[in-house]
Amino acid sequence: MQRTHRCGDLRATDAGSTVTVMGWVNRRRDHGNLIFIDLRDRSGISQIVFDKERNPEMHSRVEAVRNEYVLAVTGRVERRSEGTINPKMETGEVEVISTELRVLNESRVPPFAPGDANLNVNEEVRLKYRYLDLRRPEMHANIEMRHRVTLAIRNYLAGEGFYEIETPILTRSTPEGARDYLVPSRVHPGEFYALPQSPQIFKQILMIGGMDRYFQIARCFRDEDLRADRQPEFTQIDLELAFPTEKTIHDVVEGFLDAAFTAAGVTIERPFPQMPYDEAIRLYGIDKPDLRLPAMTEVKDFFPADAWETLQVDTALPVVAIRTPKVGELSRKERDDHKGLLNEKQAKVIKYFDDIKRLEKTWPEAIAKVRQACGAEEGDLLIIVAAPKKETATDTTDARRLHRAATAVYSQAGLLRLALAQKYAARHKVFDEKQYKFLWVTDFPSFEWDEGANRWTFAHHPFTSIHEEHAGLLAEGVKALNDPDSALGAIRARAYDVVLNGTELGSGSIRIHQQEVQAKIFEALGMDEAEQKLRFGFFLEALQYGTPPHGGIALGLDRIVMILAGAANLREVIPFPKTAAATDLMMEAPTPVTDAQLKELSIGVRK
RNA sequence: GGGGUCGUAGUUCAGUUGGUUAGAACGCCGCCCUGUCACGGCGGAGGCCGCGAGUUCGAGUCUCGUCGACCCCGCCA
């Protein structure tokens, strides 16, 4: 038997023709002498009719057929009579009157029915029986969208002159950044490969190799704890190109995102707005602003100085208003609940005033200005956030220190802004509407102070160019490596993130292509010459052989598809995802291995 | 590493202050049914209450430990 049609494709225009369809039994309705079977394949569902009068032998065989049996059915497509048409089904105008039935395979009773329209089953069960879960139309839709998005990106980039190039999966461990997944070498006892956290060095080497434009739908591995939007192995759209400006790269990314979203049936606006990191912090308190919600507004100057004295606010630091739209009147309890939105650490950095009406009694003019500056409308919630006054006044003479303190206020206020948005999401409904607000965040700090390690570390990765005019700061900064207020903190990188609705989709930069600059950066990170040579010797050498200026970016494919699918976690758009404990419930991975395997790898396991 | 929620029939859940025979719905099995499409009717089977200790005359229920799922913090250049 040869399949002639797919189940979901039959239409009234097929009436009269004889077809053969194959698929799974979605549901069976047994009326005794008349049996209906909904047959399902990837394309959809068709109703097959088995009539005892017309074919008693076949009818008796179909009585034994159960859910998820795999059938091949030949029959005549007939237009359904008036009153039996099912408008809820794509194929509901027709049905197949079966003339031949072959049971291609039987099925045990499944732990859950993939054909159940309102499936309510624990994810643990879904993951264990992933093959059944994948039969569900919802999963088909997500996987299909992922395919379409990926294909659109491939086609777009190929059209822009990018080569798709594979890079090694077995590579070298780099101790900085995320924890590596390690693979023992049999040939070199005691030595290990690492799975790539990203193809970063390889793609830069490809540029040095004159490949001009590279991309890869690349699998990356990071041995860190999981989140709803983080898997230990994930897929990046990774690209790099020679002789770029920031604009070249932004145009390419916007181009393929446009193609990808179009493939998913979504129109997006271009060009994406841009915002320097420092402005993002000042307006949103975070480096990945969600533009669906209003920014914070500086309101300190609207109040007379004595107001801040009364309210016990530190006037050296910012005072901002947070507006949450369309919240309406708050009950006493709801207002009390705001306290719970701050953790202990946050409460040290900021205090808030959420009873605007009370403030208004004392400072009516100030509050009027606040409302106007925020663009507040009736029903919007306004909360004023400031730093609590401390025993010793904040030092305003040290600009870098002051900046650090102000940044802490902005970021804690930003977290409160998001917590409020989340708390009142059901009321403002901003998150319900299908809107896609893209943003480029640019000019990230090159270095950030690591409190724990008490040293400077890179904010993006150590191959990121700094702005040329900050070369002096770098020279100054390397002389004060142990000072959190060193000049290093003021250096801005030629780095950019693409952000969508408060989610970081991707991150990239113009790379360093001069060996001396690269060595200087390593030095700023506390690596002496010997250590540089040990860890990146080959790369520093490569940079000396005519490296072209180059830059690139990597975007999380899983996250893009997740957002397009409206899914709450990545597992919905990954066919075989891992659990929060990084296990595979279907394969039951990881597993112990035999002593013989370990011996061959010169590995002993500590009990 | 830390915090939270959850774990009872194949599935999703209920289970009172610790009390006698642990329930419901869907699914499953049998019989009936020629126009259903979440078909319907009648009947039936199905339980290591995650696992292990403890408290108690008595534990699904209380305590401790442990395993697993999910979410968050740390972590993720």
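Throughout, a chain's letter reflects where its sequence line sits, starting with A, and its residues are numbered from 1. Computed from a prediction, not measured in an experiment: that's the story for all the values here.
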Check: Counting only Watson-Crick or G-U wobble pairs whose two distances fall under 3.5 Å, which nucleotide matches G74(B)?
Finding: none
Next item on the list: Report the base-pairing partner of G58(B) (Watson-Crick or G-U wobble, both distances below 3.5 angstrom), or none.
Entry: none
Next item on the list: Could you tell me whether Thr583(A) contacts a base, only the sugar-phosphate backbone, or nothing, with contacts defined as non-hydrogen atoms closer than 4.0 Å?
Entry: sugar-phosphate
Checklist line | Ionic contact status for Arg28(A) with Asp30(A), cut-off 4.0 Å | finding: yes
Notebook entry, point to check: What one-letter contact string describes nucleotides 34-45 of chain B from 5' to 3', where B marks a base within less than 4.0 Å of any protein heavy atom, S marks contact via sugar-phosphate atoms alone, and - marks no contact?
Noted result: BBBBSB------
Note to self: For residues 494-510 of chain A, which residue pairs pass the salt bridge (Lys or Arg N to Asp or Glu O under 4.0 Å) check, not counting sequence neighbours?
What the structure shows: Glu246(A)-Arg494(A)
Notebook entry, point to check: Does a side chain donor of either Gln204(A) or Gln200(A) reach within less than 3.5 Å of an acceptor in the other side chain?
Noted result: yes
Next item on the list: Examine the base of G7(B) for any acceptor or donor lying under 3.5 Å from a partner atom in the side chain of Asn122(A), and report the outcome as yes or no.
Entry: no
Next item on the list: Please give the nucleotide sitting opposite U21(B) as a Watson-Crick or G-U wobble pair, both distances under 3.5 Å, or none.
Entry: none
Item checked: Atom pair distance, as rounded to whole Å: CZ in Arg227(A) and C1' in G4(B) -> 13 Å
Check: Any donor-acceptor pair under 3.5 Å joining the side chain of Arg108(A) to the base of C28(B)?
Finding: no
Notebook entry, point to check: Does a distance-only test, which skips hydrogens and angles, find a donor-acceptor pair under 3.5 Å between the side chain of Arg66(A) and the base of G27(B)?
Noted result: no
Check: With both distances under 3.5 angstrom, what nucleotide forms a Watson-Crick or G-U wobble pair with U5(B)?
Finding: A69(B)
Next item on the list: Give me the ring orientation class for His338(A) and Tyr352(A): parallel if the planes are under 30° apart, tilted from 30 to 60°, perpendicular past 60°.
Entry: perpendicular
